[in-house]
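Structure first, then comments.
Chain letters run A, B, ... following the sequence lines, proteins first and then strands; every chain starts at 1.
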Amino acid sequence: MNGKPASLRPIVSLVSIGMLVGLVAIFAWVPTDCGITIKGACFQGSIQRMFYIHVPSAWISYLAFTVVLIGSLAYLASHSQKWDHIAHASAEVGVVFTGITLVTGMIWGKPVWGAFWRWEPRLTTTLVLFLIYVGYLTFRTMATDPQRGARIAAVIGTVGFIDVPLVHFSVQWYRGQHPLPVVVNPKDGAQLPTEMLITLLYMVALFSLIYAVLLALRVRLGRQRLEVETLETA
Amino acid sequence: MLIAIARTAAEIEQSKLIYLGVGFAIFWIVLAIYLFSIARRQRDLEDRVEQLQNKPPSTPV
């Protein structure tokens with residue numbers, strides 16, 4: 001081992017402080033969304049605040065699976081295990097954040113749509129994305145030959161990425177019930193009030209930091225596992 | 001009539017707050033479980049390395 005691995009405590013503290021600031025912004029600074037009222041109640045109301053967890057999680061899932069694509073292609077080209085570790089680690093973090101995206105979306109959907117789940121394009125393609133990378137991780141666990149396993153996983157990681165643009169553009173290509181983009185909107189530009197936009201961008205930055213930290217920790221775990229395997233065979 | 005509408009609005013808002021709370025709690029729980037899972041796997045690997053490094057060298061019989 002290259003020295004004692006760093007403790008998780010400083011990272012957890014940093015993320016907790018960042019989150020605390022985020023929560024203050026989400027609950028105390030950002031106004032309640034009350035553009036449309038139904039029977040005297042705001043149509044979205046406080047449940048709109050789920051947006052600040054849901055959207056950054058979705059962004060991280062895009063980012064994570066893009067890193068899987070890059071890592072997989074680089075591994076196929078170079079056969080360097082460094083790239084395989086990065087792709088594997090990023091897939092795991094991506095699955096966690098896609099799961100969070102799905103669950104927070106479902107919880108938002110219940111009071112707004114009246115149902116936790118609708119088989120509409122954005123939800124369905126996101127579920128497919130989640131299942132593709134759960135399959136990728138399952139395959140990695142079950143593969144008996146590490147070299148061959150890494151090669152096939154790299155192909156799955158590359159082909160699986162096709163679903164990422166499908167998820168992103170599904171709301172524009174196949175009009176479903178999912179809200180249209182309000183930040184990166186090619187037609188109308190950003191449509192959010194300043195407080196909402198700043199809070200969202202802050203949360204996206206914070207989630208990106210969380211992703212980077214988790215990725216680094218998970219890559220180190222992959223390297224340590226390889227070292228253990230080397231020691232075991234020595 | 002107005003009181004009834006206000007009460008309904010308050011109930012709807014309250015239920016949304018509960019859903020919001022559940023959503024945020026799930027996010028924290030998932031993140032914490034994942035962090036602890038990484039820490040546990042790392043500890044297991046460290047223990048294994050220590051075990052392998054302290055293993056006496058095998059001597060031919």
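- Residue contact with chain A, scored on non-hydrogen atoms closer than 4.5 Å, involves the side chain of Arg48(B) exclusively.
- A donor atom on one side chain and an acceptor atom on the other are not found under 3.5 Å apart for Gln224(A) and Arg41(B).
- When heavy atoms are compared at a cutoff of 4.5 Å, Phe51(A) does not approach chain B at all.
- Residues Phe24(B) and Tyr52(A) place their aromatic rings such that the two centres sit no closer than 6.0 Å.
- Heavy-atom distances place the side chain of Ile53(A), and not its backbone, under 4.5 Å from chain B.
- Taking a cutoff of 4.0 Å between a charged side-chain nitrogen and a carboxylate oxygen, Arg40(B) and Asp44(B) qualify as a salt bridge.
- Among Val128(A), Thr126(A), Leu127(A), the single residue meeting the side chain to side chain contact (heavy atoms under 4.5 Å, CB included) criterion with Val167(A) is Thr126(A).
- The aromatic rings of His168(A) and Tyr62(A) lie perpendicular to each other, with more than 60° between the two planes, well past the 30° mark.
- Looking at Val112(A), neither its backbone nor its side chain comes within 4.5 Å of chain B, counting heavy atoms on both sides.
- When the candidates His54(A), Gln48(A), Met50(A) are compared by the number of heavy-atom contacts under 4.5 Å with chain B, Met50(A) comes out ahead.
- For a residue to count as touching a neighbouring chain, one of its non-hydrogen atoms must lie under 4.5 Å from one of that chain's; by this rule Glu232(A) touches chain B with backbone and side chain alike.
- A distance-only check finds no donor-acceptor pair linking the side chain of Arg218(A) to the backbone of Ile38(B) [under 3.5 Å].
- Proximity to chain B (any heavy atom under 4.5 Å) is restricted, for Phe97(A), to the side chain, taken from C-beta onward.
- For a residue to count as touching a neighbouring chain, one of its non-hydrogen atoms must lie under 4.5 Å from one of that chain's; by this rule Leu17(B) touches chain A with backbone and side chain alike.
- If you tally non-hydrogen atom pairs under 4.5 Å between each of Val103(A), Val15(A), Leu231(A) and chain B, the highest count goes to Leu231(A).
- Arg140(A) has no carboxylate O lying under 4.0 Å from a charged side-chain N of Glu92(A), or vice versa, which leaves the two without a salt bridge.
- Both the backbone and the side chain of Tyr19(B) have a heavy atom closer than 4.5 Å to some heavy atom of chain A.
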